K.L.:
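Sharing a structure with you now.
These figures come from a predicted structure and were not determined experimentally. Start at 1 with the first residue, then count along the sequence.
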Amino acid sequence: MLDHLIRSATVVDGTGAPAYVADVGIRDGRIALIAAPGTVDEEATTSEDAAGLILTPGFVDPHTHYDAQLFWDPYATPSMNHGVTTVAGGNCGFTLAPLNPDRPEDADYTRRMMSKVEGMSLVALEEGAPWNWHTFGEYLDALEGRIAVNAGFMVGHCALRRHVMGPDAVGGRPTPEQLDQMLGLFHDAMAAGAWGLSTTQSSTHSDGDGKPVASRHAQPEELLALSKAVAEHEGTQLEAIVAGCLDQFADEEIDLFVEMSAAAGRPLNWNVLTIDASVPERVPRQLEASERARKSGGRIVALTMPILTPMNMSLGTFCALNLIPGWGEILSLPVPERIAKLRDADVRAEMLRRADSKEAGVFRRLAAFGRYAIGDTYSRENDGLSGRVVKDIAAERGQDAFHCLVEICANDQLRTVLWPMPTDNDPASWELRQQTWQHEDVMLGGSDAGAHLDRMCGAPYTTRFIGDCLRGRKLVGLEEAVKMLTDDPAQLFGLRERGRVREGWHADLVLFDPERIEAGPATLVHDLPGGSPRLDAKAIGIVSVRVNGIETIRDDRVTGAVPGTVLRSGRDTKTVSTK
């Protein structure tokens, strides 16, 4: 007997092949049969009529930070609502394990680092996760059997360094003995099922004390030693971030990526490739890393988002504006001093100069202050400004845009929520995206779901992209769009029997209405542990999501089932060699 039968669905199987209508039967967590409509004789415990609906594989999000959130939210919302059935975590060099049992204070350091560098609520980290592990395997075991999505995790370089070197991990270099210990710890994590190594050298990544995170102090020989260790384990990967990911790589950054991937014999993915027609030299420069890697026995894959991710800013709390060169020192001052500085015309002029400089890289886009929309406001002086655009208010007041924005925020004691309108929402940029997506080493992803919770909402990129392909710009066809969200990332990670609608494969499935599929607007909710805020977005048109055959979402509501699996390297992934 079948556990469930989906009748007369239009199947888009993930391979890019043309859609077809079929009955799909599920048994014991797998796709038991795919048959012509009305030809299934076997009885089913439950069934549903899916005529007019699209059935696809579950979406695979290749870059998330759900490492902590899964403890208080096993449904990985809102990603799972938007059809994501498998998430890759442990990215950017940041993981919650391993933790040195001889230094209990390392857990607090890790929480404060994650709060600063990934924008996670410190209260939620403290109250929402049990922190009852030391080894990476114990961390994975703590999640096993209690999550609704499938989840795999890289092991973070920062945690390895901190475990072995303690506070010296920030600023120090390992002795030969410490490097051996780090490698031993890494092998233990890999044996427990870690997907590979993640690391960061990005200048934007600082810990809770404001110092460069541990992996930023690693020399190339340390990174290459760890990369070579990746090669010793089946079904493994590399993920890395450098400063040039934000704009354009330096030669030495390309050299490092190429050498790491070649040493491991495994793909290395990085994020995020920003595509903007006003900077036409960026895409070819960033993809030069991929071209050189292939010649050297490696593979470098760039993640890029197929949507413009809603992201808010504030002069009152840490956000991307703090990462503009020279801005962090001002925006970290106490609020009264900060307001005084911001109201100084000479200070503002210097801030604008730095924001428009070459060194600001991709953050130059944030300096178009006339294109900011005002969000929530908190003072009588700002009544009626919510929803308005700064350039219009500035024109009325006879002020330049940045001065106008500063005065609005000062009225709210810098609590004003600001929504920058994207500068790359032009036809030329979308045409460039369409072209870039065709490159064999470009893959959709980079949502950062689970991180920057009150600042950005990248998780709904799946539904928003498909809706755009069906009813909006139609940059790619439905079959290709589904492949880009399912089989492509599954193939990169070597996922075993996931990413396609195929008999015998795991029944990770999404059923949606093609006339309605879309993501709602990002809204602020206060549902984290301790009442902390995050941005959420409704999934529109998603009828059902199944993970390992069990329904986890019905009409944008979680069912309460937790059928997800902690995906472990080797057992659940196979090697994708670059040799």
K.L.:
Do Thr200 and Ser202 have side-chain atoms, one donor and one acceptor, less than 3.5 Å apart?
P.N.:
no
K.L.:
Any chance the side chains of Asp426 and Ser429 put a donor and an acceptor closer than 3.5 Å?
P.N.:
yes
K.L.:
Is there a side-chain contact between Asp448 and Thr309, using heavy atoms and a 4.5 Å cut-off?
P.N.:
no
K.L.:
According to the ring-ring contact (aromatic ring centres under 6.0 Å, His included) rule, which pairs have a member within residues 280-314, sequence neighbours left out?
P.N.:
none
K.L.:
Taking the six-membered ring where the residue is Trp, are the ring centres of His205 and Phe94 under 6.0 Å apart?
P.N.:
yes
K.L.:
Less than 4.5 Å apart, any side-chain heavy atom of Cys245 and any of Asn271?
P.N.:
no
K.L.:
Answer yes or no: is there a donor N or O on one side and an acceptor on the other, between the side chain of Asp207 and the main chain of Gly210, under 3.5 Å?
P.N.:
yes
K.L.:
The criterion is ring pair (Phe, Tyr, Trp, His ring centres under 6.0 Å); which residues satisfy it with Tyr109, sequence neighbours excluded?
P.N.:
none
K.L.:
Excluding sequence neighbours, so at least two apart, what forms side chain to side chain contact (heavy atoms under 4.5 Å, CB included) with Glu431?
P.N.:
Gln435
K.L.:
Does atom NZ (Lys116) have a neighbourhood of more than 12 heavy atoms from anything else shown, all under 6.0 Å?
P.N.:
yes
K.L.:
Please enumerate all residues that pass side chain to side chain contact (heavy atoms under 4.5 Å, CB included) together with Val362, with sequence neighbours excluded.
P.N.:
Leu246, Thr274, Arg282, Arg365
K.L.:
Going by side chain to side chain donor-acceptor pair (under 3.5 Å), name the pairs with one or both residues in residues 389-398, residues two or more places apart or in two chains.
P.N.:
Arg388-Glu396
K.L.:
Applying side chain to side chain donor-acceptor pair (under 3.5 Å), which residue pairs with at least one partner in residues 321-348 are found, sequence neighbours left out?
P.N.:
Arg343-Glu407
K.L.:
Treating Thr377 as the side-chain partner and Ser379 as the backbone partner, does any N or O pair qualify as donor plus acceptor under 3.5 Å?
P.N.:
no
K.L.:
Using every non-hydrogen atom in the two residues, find where Pro489 and Met443 come nearest and quote the distance to one decimal.
P.N.:
CA-SD, 3.5 Å
K.L.:
Using the test side chain to side chain contact (heavy atoms under 4.5 Å, CB included), find all partners of Glu126 that sit at least two apart in sequence or belong to another chain.
P.N.:
Arg111, Leu122
K.L.:
So with a 6.0 Å cut-off around CZ of Arg292, is the heavy-atom count from everything else above 12?
P.N.:
yes
K.L.:
Per the ring-ring contact (aromatic ring centres under 6.0 Å, His included) rule, what does the pair list look like for residues 414-441, sequence neighbours excluded?
P.N.:
Trp437-Phe465
K.L.:
Do His163 and Asp106 come close enough that some side-chain heavy atom pair is under 4.5 Å?
P.N.:
no
K.L.:
Using modelled atom types only, decide if a donor and an acceptor are shared between the side chain of Ser198 and the backbone of Gly90 within a distance under 3.5 Å.
P.N.:
yes
K.L.:
What is the minimum heavy-atom distance between Tyr66 and Ala449, and which atoms define it?
P.N.:
OH-CB, 3.4 Å
K.L.:
Side chains of Met305 and Leu444: does their closest heavy-atom pair fall under 4.5 Å?
P.N.:
no
K.L.:
Can you list the residues that meet the ring pair (Phe, Tyr, Trp, His ring centres under 6.0 Å) rule with Tyr372, with sequence neighbours excluded?
P.N.:
Phe369
K.L.:
Quiz question: by atom type and distance under 3.5 Å, do the side chains of Arg216 and Thr199 form a donor-acceptor pair?
P.N.:
no
K.L.:
Hey, does Met182 have a side-chain heavy atom less than 4.5 Å from the side chain of Pro174?
P.N.:
yes
K.L.:
Scan side-chain atoms only and decide if Thr77 and Asp73 contain a donor-acceptor pair under the 3.5 Å cut-off.
P.N.:
yes
K.L.:
Closest approach of Ala194 and Thr236, non-hydrogen atoms and distance?
P.N.:
O-CG2, 4.4 Å
K.L.:
Short question: side chain of Ser447, backbone of Gly458 - any donor-acceptor pair under 3.5 Å?
P.N.:
no
K.L.:
Please check this pair: side chain of Glu253 against backbone of Gly244, looking for a donor-acceptor N/O pair closer than 3.5 Å.
P.N.:
yes
K.L.:
Answer yes when Asp251 and Arg285 have at least one side-chain N-carboxylate O distance shorter than 4.0 Å, and no when they do not.
P.N.:
yes
K.L.:
Going by the rule side chain to side chain contact (heavy atoms under 4.5 Å, CB included), which residues pair with Leu96 if we only count those two or more places apart in sequence or in a different chain?
P.N.:
Asp67, Ala68, Thr110, Met114, Trp131, Trp133, Tyr139
K.L.:
Looking at residues at least two apart in the chain, or sitting in another chain, which of them share a ring pair (Phe, Tyr, Trp, His ring centres under 6.0 Å) with His452?
P.N.:
none
K.L.:
Under a plain distance cut-off of 3.5 Å, with no hydrogens placed, do Thr462 and His82 share a side-chain donor-acceptor pair?
P.N.:
no
K.L.:
Quick one: closest heavy-atom pair of Val213 and His217, and the distance?
P.N.:
O-CD2, 3.3 Å
K.L.:
What residues, two or more places apart in sequence or in another chain, satisfy ring pair (Phe, Tyr, Trp, His ring centres under 6.0 Å) together with His65?
P.N.:
His63
K.L.:
Is the shortest heavy-atom distance from the side chain of Phe59 to the side chain of Thr486 under 4.5 Å?
P.N.:
yes
K.L.:
Closer than 3.5 angstrom, by distance alone: can the side chain of Arg266 be matched with the main-chain N or O of Ser227 as a donor-acceptor pair?
P.N.:
no
K.L.:
Between the side chains of Ser261 and Arg299, is a donor N or O closer than 3.5 angstrom to an acceptor N or O?
P.N.:
no
